[in-house]
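Heads up, the thing below is written out as structure tokens.
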Protein chains: 2
Amino acid sequence: MGGARATREQIIEAADRLFYRQGYEHTSFAAIAEAVQISRGNFYYHFKTKDDILAAVITARLAERRRMLERWEAEEPTPAGRIRKYIEIPLTNRADVQMYGCPVGTLSTELAKLNHASFAEANSVFTLFRTWLRDQFALLGHESEADALAMHVIAFSQGVATLANAFRDEGFIWREVKQMSDWLTAYE
Amino acid sequence: MGGARATREQIIEAADRLFYRQGYEHTSFAAIAEAVQISRGNFYYHFKTKDDILAAVITARLAERRRMLERWEAEEPTPAGRIRKYIEIPLTNRADVQMYGCPVGTLSTELAKLNHASFAEANSVFTLFRTWLRDQFALLGHESEADALAMHVIAFSQGVATLANAFRDEGFIWREVKQMSDWLTAYE
DNA sequence: GTCTATACAGGGATAGAC
DNA sequence: GTCTATCCCTGTATAGAC
């Protein structure tokens, strides 16, 4: 029924949000159940273990980012314009980034420390961006260094997110994004 | 007595290591006690709460980094040489960075999500580096942009650490450090 | 200073009624 | 599909003997 589906998706949505804001381990079933307004018992009808929820959240994030990249391709006619969209993420999401960092980077960091089985899965979001950025740089005629450039752009984004989170400094984000955007012109 | 002092310092050392490798929240008293080879009960003679251990670890890290910067000032006669030392950290510590990321950045990220009282204290290590790098850039004659350059260098370091941790790619670290080192020559 | 024993809370997970 | 009740384990923290 539609009811079950709706509940399942509500759980994933709430878990996604809470994992981002509080971290995976720190988020309890009780907290997710409360957010969705269901009992803890009901919870287990939809997900057998906490790891299952994590896997579902990662799958949802992956799908969501894929859709985002498709939107960008529809909106931005040039590869450089698309790369610039990526560079601007910390600015676009500045409120959340300052409070909670980057959802992808912070989850990867946490799962690495937990030695969690889903570490590789979580990083597939990074790989999605990496491949996509590589393609954009290749389209700009930089095939041989496209992957290195892609990694460079993602690293920039992660560094900005981590420091913006630590210092809660919006001006810093603006400066860095501006600088990275200028850097990109050399490859257009 | 020397015995108590030694135990206390052993606890701090073990906690530091475990917080780095497993994360703060994920590290239990039992794990630290086992590492130091003392009973959990004895533990509480030295530290009343887990937060107290965290505070002690942060203080120890701060002191250790201060000593490191002093060593660099003794070893490297030029400000650029000193900045380069900082840029090379991800390479110098590449084994740990690939496995556990940056100790400063990952702790800051975790404490932000936990909304932990020691968040600001943990970030004082970032501030130490920021101030020190700013001074080095000022010595190079870039007073007006010294702080922005300092933040840029720290952000670079954090981005490299996060991605090196996610992808476990040593070649990536080499490339990025080389590139950042070349970037620095424009300011020498 | 170090130990054992134990209290207590919270979190993951299950059973079974409705 | 959703609920209540409950089990069990782990983790923090305390009490008190040695």
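A, B, ... follow the sequence lines: proteins, then strands. Residue 1 opens every chain. Here the structure is a predicted model, which means the values were calculated and not measured.
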Note down the inter-axis angle between the two ends of the helix from C:dG1-D:dC18 to C:dC18-D:dG1, five pairs each, to the nearest 10°.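 That helix has its two terminal axes inclined by roughly 0°.
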Would you mind classifying the nucleic acid contact of B:Phe29 as base, sugar-phosphate or nothing, using non-hydrogen atoms under 4.0 angstrom?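 Sugar-phosphate contact only - B:Phe29 comes under 4.0 Å of backbone atoms but never of a base.
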With a non-hydrogen cut-off below 4.0 angstrom, is A:Ser39 in contact with a base, only sugar-phosphate, or nothing?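 The answer is base, as A:Ser39 lies within the cut-off (heavy atoms under 4.0 Å) of a base atom.
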N/O (side chain, [X]) to phosphate O (OP1/OP2, [N]) under 4.0 Å:
| X | N | value |
| --- | --- | --- |
| A:Thr7 | D:dT2 | yes |
| B:Thr49 | D:dT12 | no |
| B:Tyr45 | C:dG1 | yes |

Is there side-chain contact between B:Tyr24 and B:His116, with heavy atoms separated by less than 4.5 Å?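 A side-chain contact exists here, since the closest heavy-atom pair is under 4.5 Å.
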Between [N] atom [atom2] and [X] atom [atom1], what is the distance in whole Å?
| X | N | atom1 | atom2 | result |
| --- | --- | --- | --- | --- |
| A:Tyr24 | C:dG11 | OH | P | 14 Å |
| A:Phe43 | C:dG16 | CZ | P | 22 Å |
| B:Leu114 | D:dG11 | CG | C1' | 15 Å |
| B:Asp52 | D:dA13 | CG | C1' | 12 Å |
| A:His46 | C:dA13 | NE2 | C1' | 16 Å |
| B:Ile53 | D:dT12 | CD1 | C1' | 10 Å |
| B:Lys50 | D:dG11 | NZ | C1' | 8 Å |
| A:His26 | D:dG11 | NE2 | P | 16 Å |

Using a distance-only test with no angle check, is there a side-chain donor-acceptor pair under 3.5 angstrom linking B:Trp174 and B:Glu170?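 Looking only at side-chain atoms, B:Glu170 and B:Trp174 do form a donor-acceptor pair, the distance falling under 3.5 Å.
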Assess the pair A:Phe167 and A:Phe172: is the distance between their ring centroids shorter than 6.0 Å?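 That pair fails the under 6.0 Å test.
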Closest nucleotide of DNA chain C for A:Glu25 versus for B:Asn42: which of these residues is on the 5' side?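 Checking each residue's closest nucleotide, the 5'-ward one belongs to B:Asn42.
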Quick one: CG on B:Leu140 to CG on B:Leu149, what's the gap to the nearest 0.5 Å?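 B:Leu140 CG to B:Leu149 CG: 9.5 Å, rounded to 0.5 Å.
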Mind running salt bridge (charged side-chain N to carboxylate O under 4.0 Å, His left out) on A:Lys113 and B:Glu110 for me, showing each step along the way? CA-CA 11 Å; A:Lys113 287 199 197 295; B:Glu110 182 178 1; over 6 Å; no
When you get a sec, tell me which of D:dG11, D:dG1, C:dG12 is the closest nucleotide to the side chain of A:Arg40?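 The answer is C:dG12.
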Of all the choices, D:dA13, C:dG11, C:dT2, which nucleotide is nearest to the side chain of B:Tyr44 once you look at every atom?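 The nucleotide sitting nearest to the side chain is D:dA13.
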Determine yes or no for a side-chain-to-main-chain donor-acceptor pair under 3.5 angstrom, with B:Arg61 supplying the side chain and B:Pro103 the backbone.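 Flag set: sc B:Arg61 to bb B:Pro103 pair under 3.5 Å.
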Is B:Asn123 reaching over with its side chain to a backbone N or O of A:Ala166, donor-acceptor style, under 3.5 angstrom?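 Yes, because the side chain of B:Asn123 sits within donor-acceptor range (under 3.5 Å) of the backbone of A:Ala166.
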